[in-house]
> 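Attaching a single structure in structure tokens format; questions to follow.
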Amino acid sequence: MKRLISTFTGLFIILAVAFADEISFVASAPNAVVVGQQFKLSYKVNRGNAKELHIPSIDGFTILMGPSRSSSSSYSNYNGQVTSTVSLTYTYILKAEKEGTFTLPAATTEVEGKQVKSNSVEIKVLPQDKHQAGSQTSAQSGGSGSSAEIGKNDLFMTAILNKTKIFEQEAVLLTYKVYSAVNLTSLNGKMPTLKEFHIQEIDLPQQKEWQLEHYNGRNYRALTWRQYLLFPQQSGEIEIPSVAFEGIVAQQVRTSMDPFDMFFNGGSQYVEVKKTLNTPALKLKVENLPSGKPEGFSGGVGEFNIKSSLSASEVKANEAVTMRITISGVGNMKLLKTPEVNFPADFEVYDPKVDNNFSVKSNGLSGNKIIEYLVIPRHAGTFTIPSVKFSYFDVKQQQYKILETEPYTLTVAKGKGSDSQVATGYVSKEDLKLLGKDIRFIKNGNTSYFSKENTFFASTAYMLCYLIPLILCIAYIVIYRKKMTENANLTKMRTKKASKVAVKRLKVAKQMMVEKKSNEFYDEILKTLWGYVSDKLSIPVSKLSKDNIEARLTERGVEESLIKDFETVLSEAEFARYAPGNPGETMDKVYSMAMNVITKLEDSIKR
């Protein structure tokens, strides 16, 4: 075993060194800039002996400075062996001259006698703001937090459908997007109840990134907040109602702020301003599927393919055969009906095993649906398994299509011994019963007799057959109750220690704050908050959400305002790392909020 572990460790080290020795030459720049904006274009190579950098001419940009060359070193220690890596970075300062989408060509350099080429970079150059109408008004003295202080064009949300006219069961993408020209630090809102749709949420990155985007003549920081895939279950004109989101903006106050307000604001140069963002209501026209549905219509709407396979073409009687049908494509995969197979009457057919392997994409559920039938031919002969028909509605060609698998011929030979023998390796089904042995013949031959005194009834062995199971049952109950008590105590101990664990994590976060490691700080704050409610409410972190936290805290008697404060801290931590401004003040504020809300929750939760 030790030799095996050493072998794997050695292979891992060899692979790590091999990848480390690979030359990396990477170009990086912003995804989007504005006409007239200056930005950095960097080329980084993981070698300290790279020679002069060569870049082709760059259209649409003016090189203001560069290349400036800088180096960095990193060290690693593994089992006492110290290795170092030196990287070189070449930096240019460019200025965008005209709008459009441009591709910065790859650069070349010579490293260790080899010509190395970087990647190319695509940059979108946006036009400058056409007007400043509706720009943000400076916070008034006192910072009352009124949403009127933020213009309607400074912060808003949109709801977008990628289609406005579809067929019933056809997928449509609903996107909620936020546009901000202010310092948005928090955003909360819930998806409305849409009974007319089957809904699938698209997984977006937990750490969302702002992107520069030109909208209605103005440049904004844009963010895709939520995306949903909707499958309408009825026809007609369906309205998707407006959704109200509550945003919190950090506004910088004037220097002439009232001293009393500065005192109650903690001396901070920022105040929190609440802003309600209402998305527009949308209308979607859903048409009935055309008439003339094929017989046995699967209900599928999208684009699909079907294929099938048979585990064997020749078997013996009472041996199991598996027929697999795979439906793949994009559409309403989750709502497809399982196709029927007309097996010969002589076959014993078990309920199909269905395995869904699909993911949520912007154009529908993409993947495959695998159906497995276990069948057992009971007699010898040659049998035909007919083709399987699968019909669906093709949304691109707007017509019904019928797909058909190939038919199969199965040759069944007589089994060894009697026809009742069964052999199957299909372990996921129930045990197969033997046929043909339900009637037994009368036993022939000599008959043996025994004395009544030698009967098993009322003997010592007979009594032990009752006593031993009873004793084992009692012992099992005692052990089980003991285990249950121990588990209960573990849960109780975990609940009691929730605050102590949270305090330790907050100490780590404070250290990250002192060292100005903002990313590590916010990660630790989020771990602290989620871990605390997980321990306190005895809910695994993987099953936690803002909705079930709110419900469970309400059951524990926590006030609604305190629950809202907890959710606000979560949102603050998620948004603060991307918010502009003084990171030191923001981290200090988030740390204080987290400490206060955990302290209040600890006093409020009923044990």
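Fair warning: this is a prediction, and the values are worked out from it, not measured in the lab.
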> Could you list the donor-acceptor pairs under 3.5 angstrom formed between side-chain atoms of residues 238-248 and any protein atom two or more places apart in sequence or on another chain?
from, atom 1, to, atom 2, distance (Å)
E239, OE1, K283, NZ, 3.0
S242, OG, T279, O, 2.5

> Hey, what do you get for CG (N216) to CG (N153), rounding to the nearest 0.5 Å?
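If I round to the nearest 0.5 Å, the distance is 8.0 Å.
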> Passes ring-ring contact (aromatic ring centres under 6.0 Å, His included), Y220 versus F156? Steps please.
CA-CA 10 Å; Y220 293 92; F156 58 91; 5.3 Å; yes
> Start with the C-alpha distance between Q169 and N332, add both sets of side-chain angles, then the distance that settles side-chain hydrogen bond (donor to acceptor under 3.5 Å, both in side chains), and finish with yes or no.
CA-CA 7 Å; Q169 294 289 346; N332 59 339; 3.3 Å; yes
> Going by heavy atoms in the side chains, are L529 and V569 under 4.5 Å from each other?
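L529 vs V569: side chains touch.
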> Tell me, do I160 and L173 make a side-chain contact under 4.5 Å, heavy atoms counted?
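SC-SC contact between I160 and L173 ruled out.
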> Applying side chain to side chain donor-acceptor pair (under 3.5 Å), name anything that partners N305, two or more places apart in sequence or on another chain.
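For N305, no residue satisfies side chain to side chain donor-acceptor pair (under 3.5 Å) once neighbours in sequence are set aside.
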> Can you measure from OH (Y591) to OG1 (T528) and round to the nearest 0.5 angstrom?
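Going from the OH atom of Y591 to the OG1 atom of T528 covers 9.5 Å.
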> Would you say the side chain of L155 lies within less than 4.5 Å of the side chain of L184, judging by non-hydrogen atoms?
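The answer is yes, as the side chains (C-beta and beyond) meet within the 4.5 Å cut-off.
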> Just to verify, which of F167, F393, Y392 counts as forming a ring pair (Phe, Tyr, Trp, His ring centres under 6.0 Å) with Y400?
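With Y400 as partner, F167, F393, Y392 yield a single ring pair (Phe, Tyr, Trp, His ring centres under 6.0 Å), made by F393.
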> Can you measure from OG (S186) to NZ (K274) and round to the nearest 0.5 angstrom?
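The distance works out to 10.0 Å.
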> Tell me the salt bridge (Lys or Arg N to Asp or Glu O under 4.0 Å) pairs involving residues 324-333, sequence neighbours left out?
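Counting only pairs at least two positions apart or across chains, the salt bridge (Lys or Arg N to Asp or Glu O under 4.0 Å) contacts touching residues 324-333 are R324-E372.
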> Is it true that D154 and R218 have a side-chain N and a carboxylate O under 4.0 angstrom from each other?
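Salt bridge between D154 and R218, a charged N being under 4.0 Å from a carboxylate O: yes.
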> CD1 of I370 to OG1 of T326: how many Å apart, nearest 0.5 Å?
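Reported value, rounded in 0.5 Å steps: 4.5 Å.
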> Heavy atoms, side chains only, cut-off 4.5 Å: are L336 and I327 in contact?
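Yes, close enough: below the 4.5 Å cut-off.
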> List in chain and number order the residues that pass salt bridge (Lys or Arg N to Asp or Glu O under 4.0 Å) with E287, two or more places apart in sequence or in another chain; answer none if no residue qualifies.
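Here the qualifying residues are K165.
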> Measuring only between side-chain heavy atoms, which start at C-beta, is S120 closer than 4.5 Å to P105?
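No, their side chains stay 4.5 Å or more apart.
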> Under the rule for salt bridge (Lys or Arg N to Asp or Glu O under 4.0 Å), what residues qualify as partners of R505, not counting sequence neighbours?
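With neighbours one apart ignored, the set is empty.
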> Can you give each donor-acceptor pair under 3.5 Å made by side-chain atoms of residues 27-44, sequence neighbours left out, with the distance rounded to 0.1 Å?
from, atom 1, to, atom 2, distance (Å)
N31, ND2, Q211, OE1, 3.4
Q37, OE1, V34, N, 2.9

> Start with the C-alpha distance between T224 and L204, add both sets of side-chain angles, then the distance that settles side-chain contact (heavy atoms from CB on, under 4.5 Å), and finish with yes or no.
CA-CA 9 Å; T224 299; L204 297 177; 4.0 Å; yes
> Check L365 against Q200 and note the closest heavy-atom contact, atom names and distance.
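Here L365 and Q200 meet closest at CD2-CG, 4.2 Å.
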> In the structure I gave you, are the side-chain heavy atoms of S391 and F297 within less than 4.5 Å of one another anywhere?
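With C-beta onward as the side chain, the pair touches.
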> Are side-chain N/O atoms of E168 and S235 paired as donor and acceptor at under 3.5 Å?
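Checked: E168/S235 side chains show no N/O donor-acceptor pair below 3.5 Å.
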> Grab the two heavy atoms, one from R221 and one from V182, that are nearest each other, plus how far apart they are.
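That closest heavy-atom pairing would be NH2-O, 2.9 Å.
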> Yes or no on salt bridge (charged side-chain N to carboxylate O under 4.0 Å, His left out) for K589 and E272, after CA distance, side-chain angles and deciding distance?
CA-CA 12 Å; K589 175 186 173 184; E272 290 186 347; 2.5 Å; yes
> In Å and rounded to the nearest 0.5 Å, what is the CG to CD distance from L194 to Q233?
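One finds 12.0 Å between CG of L194 and CD of Q233.
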> Surrounding NZ of K285 (heavy atoms of other residues, nucleotides or ligands, distance under 6.0 Å), is the total greater than 12?
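Open: at most 12 neighbouring heavy atoms sit under 6.0 Å from NZ of K285.
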> Give me each pair satisfying salt bridge (Lys or Arg N to Asp or Glu O under 4.0 Å) with a member in residues 178-198, each pair once, sequence neighbours excluded.
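As it turns out, the salt bridge (Lys or Arg N to Asp or Glu O under 4.0 Å) pairs with a partner in residues 178-198, which skip direct neighbours, are K190-D547, K190-E550.
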> Measure from the side-chain N and O atoms of S118 to the backbone N and O of A106, and report whether any donor-acceptor pair falls under 3.5 Å.
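It does not hold such a pair.
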> Suppose we screen for side chain to side chain donor-acceptor pair (under 3.5 Å). Which residues come up paired with N368, at least two apart in sequence or across chains?
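Result, side chain to side chain donor-acceptor pair (under 3.5 Å) vs N368: N357.
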> Which atoms form the tightest heavy-atom contact between K369 and M333, and what is the distance?
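In this case the closest contact between K369 and M333 is N-CE, 3.7 Å.
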> Might you point out which heavy atoms bring F304 and G331 nearest each other, and give the distance in Å?
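The pair with the smallest heavy-atom distance is CZ-CA, 4.0 Å.
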> Taking salt bridge (Lys or Arg N to Asp or Glu O under 4.0 Å) as the definition, give me every residue that meets it alongside K516, ordered by chain and number, with sequence neighbours left out.
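Here no residue qualifies.
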> At their closest point, which heavy atom of T158 faces which heavy atom of Y179, and how far apart are they?
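Taking T158 first and Y179 second, the nearest heavy atoms are OG1-CE1, 3.8 Å.
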> Taking only residues two or more places apart in sequence or in another chain, which ones pass ring-ring contact (aromatic ring centres under 6.0 Å, His included) with F566?
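Counting only residues at least two positions away or on another chain, F566 forms no ring-ring contact (aromatic ring centres under 6.0 Å, His included).
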> If you apply the rule ring-ring contact (aromatic ring centres under 6.0 Å, His included), what do you find for F197 with F231, and how did you get there?
CA-CA 5 Å; F197 298 92; F231 297 90; 9.5 Å; no
> Identify, with sequence neighbours excluded, every residue that meets side chain to side chain donor-acceptor pair (under 3.5 Å) alongside E524.
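Scan of E524 (side chain to side chain donor-acceptor pair (under 3.5 Å), adjacent residues dropped) gives none.
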> Say you draw a straight line from CG of L126 to NE2 of H214; how long is it, rounded to the nearest 0.5 Å?
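Rounded to the nearest 0.5 Å, the CG-NE2 separation comes to 7.0 Å.
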> Sequence neighbours left out, what passes salt bridge (Lys or Arg N to Asp or Glu O under 4.0 Å) with E213? Give chain and number order.
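Scan of E213 (salt bridge (Lys or Arg N to Asp or Glu O under 4.0 Å), adjacent residues dropped) gives K177.
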> Whether the side chain of R226 engages the backbone of L174 through a donor-acceptor N/O pair (distance < 3.5 Å, no angle test) should be reported.
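Looks like no, no N/O pair under 3.5 Å.
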> Determine whether I202 and T175 satisfy the following criterion, side-chain contact (heavy atoms from CB on, under 4.5 Å), listing intermediate values before the conclusion.
CA-CA 10 Å; I202 295 180; T175 302; over 6 Å; no
> Side chains of E97 and T62: do they bring a donor and an acceptor to under 3.5 Å?
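Side chains of E97 and T62: pair found under 3.5 Å.
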> Looking at every non-hydrogen atom in both residues, tell me the closest pair between I549 and V533 and how far apart they are.
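Answer, listing the atom of I549 first, then V533: CD1-CG2, 3.8 Å.
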